[in-house]
Every structure is written in C-alpha cells, then in structure tokens.
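Side chains included, hydrogens not; waters and symmetry mates left out as well; all remaining heavy atoms used.
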Amino acid sequence: MAITTATVARSVSRHPLGPAGAAALLVQRNYLAYRRVWYIFASGFLEPVFYLLSIGIGVGTLVSGFEVGGQEIPYAEFVAPGMLAASAMNGSVLDSTFNFFFKLKFNKLFDQMLATPLTTLDIARGELSWSLMRGGTYSAGFLLVMLAMGLVSSWWALLVVPAALLIGAAFGAVCMALTTWMRSWQDFELVTLATLPMFLFSATFFPVTAYPGALRWVVEATPLYRGVVLCRELTTGTVSWDSAVSVVYLVAMVVVGLLLVRRRLDRLLLT
C-alpha cells in the first residue's frame, strides 16, 4: 500500500494537476492496490444475477407480470432493471463506506495524499471515480446478461449504464460524507439498516402502487426508487417525466454529497 501511495506522490510532483488528472491518479493508485485481488469484485456482479435467476425467473413463473407505462411486461423484465439499480447502489456503497472508512481512520492514506498537491476535493473525486469504474463494470456486465436473456425491449437501454453510473455517484458521494461521521466498525450496521429496506421496498420486486398513499410517497422519495424508475423506464422504452425527476434528484445528491465530504475532510484532516 505504501508503494502505491508513493507512486501517486511522485506522479503528482511531476505533473500539473487538473480535476481530471487528480482523479486519474487516485484511480491508478486503487488499481495498483487491487489488481492482485480482482476476484473479490466478482460477488458484486454475481449477486444481482443470482437474484434475477431465483426471483425473476423462479417467481416469475407464478406471476403473470406487471404494467409499466401502459404495457404489460413479464415479471423477469420488471425485476431485472431493479436489480441493476440495486447493484449500482451496493457497489458504490461498499467502496464509499467500508473502504473509505479504512483509508480515512486506520491506514491514514488520505493524510499521506494531502502531503502532495492533492486537495480534499481531489480525494473525494478520485475515490468516487474509482467506485464508479467498479459499478460501471458491474452494470455493463449485468446489462449483457439482460440482453442475453431477452429482458431488454428498447434502444433506450443504451443509456442504462450511464444511468447506473449516476446512481452510483449519488450514493457514493452521500455515503462518503456520512462515513466521515462514523466512529467505529459497529456504526456500519446503520448502513445495512438503510440499504436493505431500500433494496426490498423501492419497487424493486413489485410496483409502488401496492403501497397505501402516505407510505407510497415515502417510498417515492427514496434515492433507490428514483434509480429503479430510471433504469426500468429505459429498459422498457417507457421513458416519462419520472425519469427526468430521477436524474435531477440523483444529480443533486452528487453535488450535495461532494460538497459535504470536502467540508468534512477539510475539518478532519486539515485542522
């Protein structure tokens, strides 16, 4: 780990940095650190595929399907984009919470980086860029599985990978900011407490219309629901204003999250 950090420091000292250059250096550092243990990333891709096969295909034989945008689609086609959105969330949350906390609190990696011309905003952007590369790989692979299974019915699906990256960026930025307040590993139980209900109840497995009025409003206000709506409308070709609302919602999360994590890192590392 020290070698790769030194590599980043030497690169920073040789080259003038812009935002993209600083992010690229941190992505390079993470690549060097993880390249020998690449297999640990397989679980992030396989988990949604197994869910799709067991629930989307297995339960799908018992469910006739649901209506989306005025057209009825098979249950597997309904569930698949929800799994894709959830995969983007889970991949981003893992990097922006557990891994980010370890670098911040235990091996003091960010303190070493700040000894170079890197800023706290550079660190935030670099860590987020790495998590997006990881999440984007998962999303692209899962989309290929959907295509192979005939679960994509529109050319709008070409935008699903950028949509998944936006979902990952939104969760990653906010989770990095929240992680700066965590005191110990026990606090990560709160992460599961937040993400598991979203995974189960954000219209991932059944339509949001199944909820009564007030509870439905709560579900529609959750970030994963916005991501599920966006991915589902793209893969089924039923794009509506709900997708535009979802994009604005998720972009706002990215902006607020990055500003907050920069402020928190300034306070923790520079004062």
Would you call D122-R125 a salt bridge at under 4.0 Å N-O?
-> yes

Salt bridge present between K103 and E127 (N-O < 4.0 angstrom) | yes

Could you grab the distance from atom CD1 of I167 to atom CG of L84, nearest 0.5 Å is fine?
-> 7.0 Å

Mind checking whether W217 and Y211 have ring centres under 6.0 Å apart?
-> no

Distance (rounded to the nearest 0.5 Å) between T235 OG1 and L143 CG = 9.0 Å

Residue pair L109, L104: steps toward the side chain to side chain contact (heavy atoms under 4.5 Å, CB included) verdict | CA-CA 6 Å; L109 182 63; L104 176 65; over 6 Å; no

Any donor-acceptor N/O pair, R232 side chain to F78 backbone, under 3.5 Å | yes

Does a donor on one side chain sit under 3.5 Å from an acceptor on the other, for S240 and E233?
-> yes

Throw together a table of side-chain donor-acceptor distances under 3.5 angstrom for residues 176-183, partners on residues two or more places apart or in other chains.
from	atom 1	to	atom 2	distance (Å)
T179	OG1	S96	O	3.2
T179	OG1	C175	O	2.7
T180	OG1	A177	O	2.5
T180	OG1	R264	NE	3.1
R183	NE	D187	OD2	3.4
R183	NH2	D187	OD1	3.3

Kindly say whether V248 contributes a backbone atom to a donor-acceptor pair with the side chain of R226 at under 3.5 angstrom?
-> no

Describe, in one word, how the ring planes of F110 and F100 are oriented to each other, choosing from parallel (under 30°), tilted (30 to 60°) and perpendicular (over 60°).
-> tilted

Cut-off 3.5 Å, side chains only: do S202 and T204 have a donor facing an acceptor?
-> no

Euclidean distance, T195 OG1 relative to M89 CE, rounded to 0.5 Å | 5.0 Å

Taking all heavy atoms of V27 and all of M133, pick out the closest pair and write down the distance.
-> CG1-SD, 3.2 Å

Are more than 12 heavy atoms from other residues, nucleotides or ligands located less than 6.0 Å from atom CZ of F188?
-> yes

Rounded to the nearest 0.5 Å, what separation is found between the CG atom of L159 and the CG atom of L165?
-> 11.5 Å

Would you check if the distance from the ring center of F205 to the ring center of Y75 is below 6.0 Å?
-> no

Would you tell me whether S153 and E77 have side-chain atoms, one donor and one acceptor, within less than 3.5 Å of each other?
-> yes

Which pair of heavy atoms, one from A80 and one from L151, lies closest together, and at what distance?
-> CB-CD1, 3.9 Å

Does the gap between the ring centers of Y249 and Y225 come in under 6.0 Å?
-> no

Between L258 and A173, what is the shortest heavy-atom contact and its length?
-> N-CB, 3.9 Å

Identified side chain to side chain contact (heavy atoms under 4.5 Å, CB included) counterpart of W130 within the set D95, N99, L26 = D95

Within the side chain of S87, is there an N or O that forms a donor-acceptor pair under 3.5 Å with the backbone of M83?
-> no

A88 backbone acceptor or donor facing S92 side chain under 3.5 Å | no

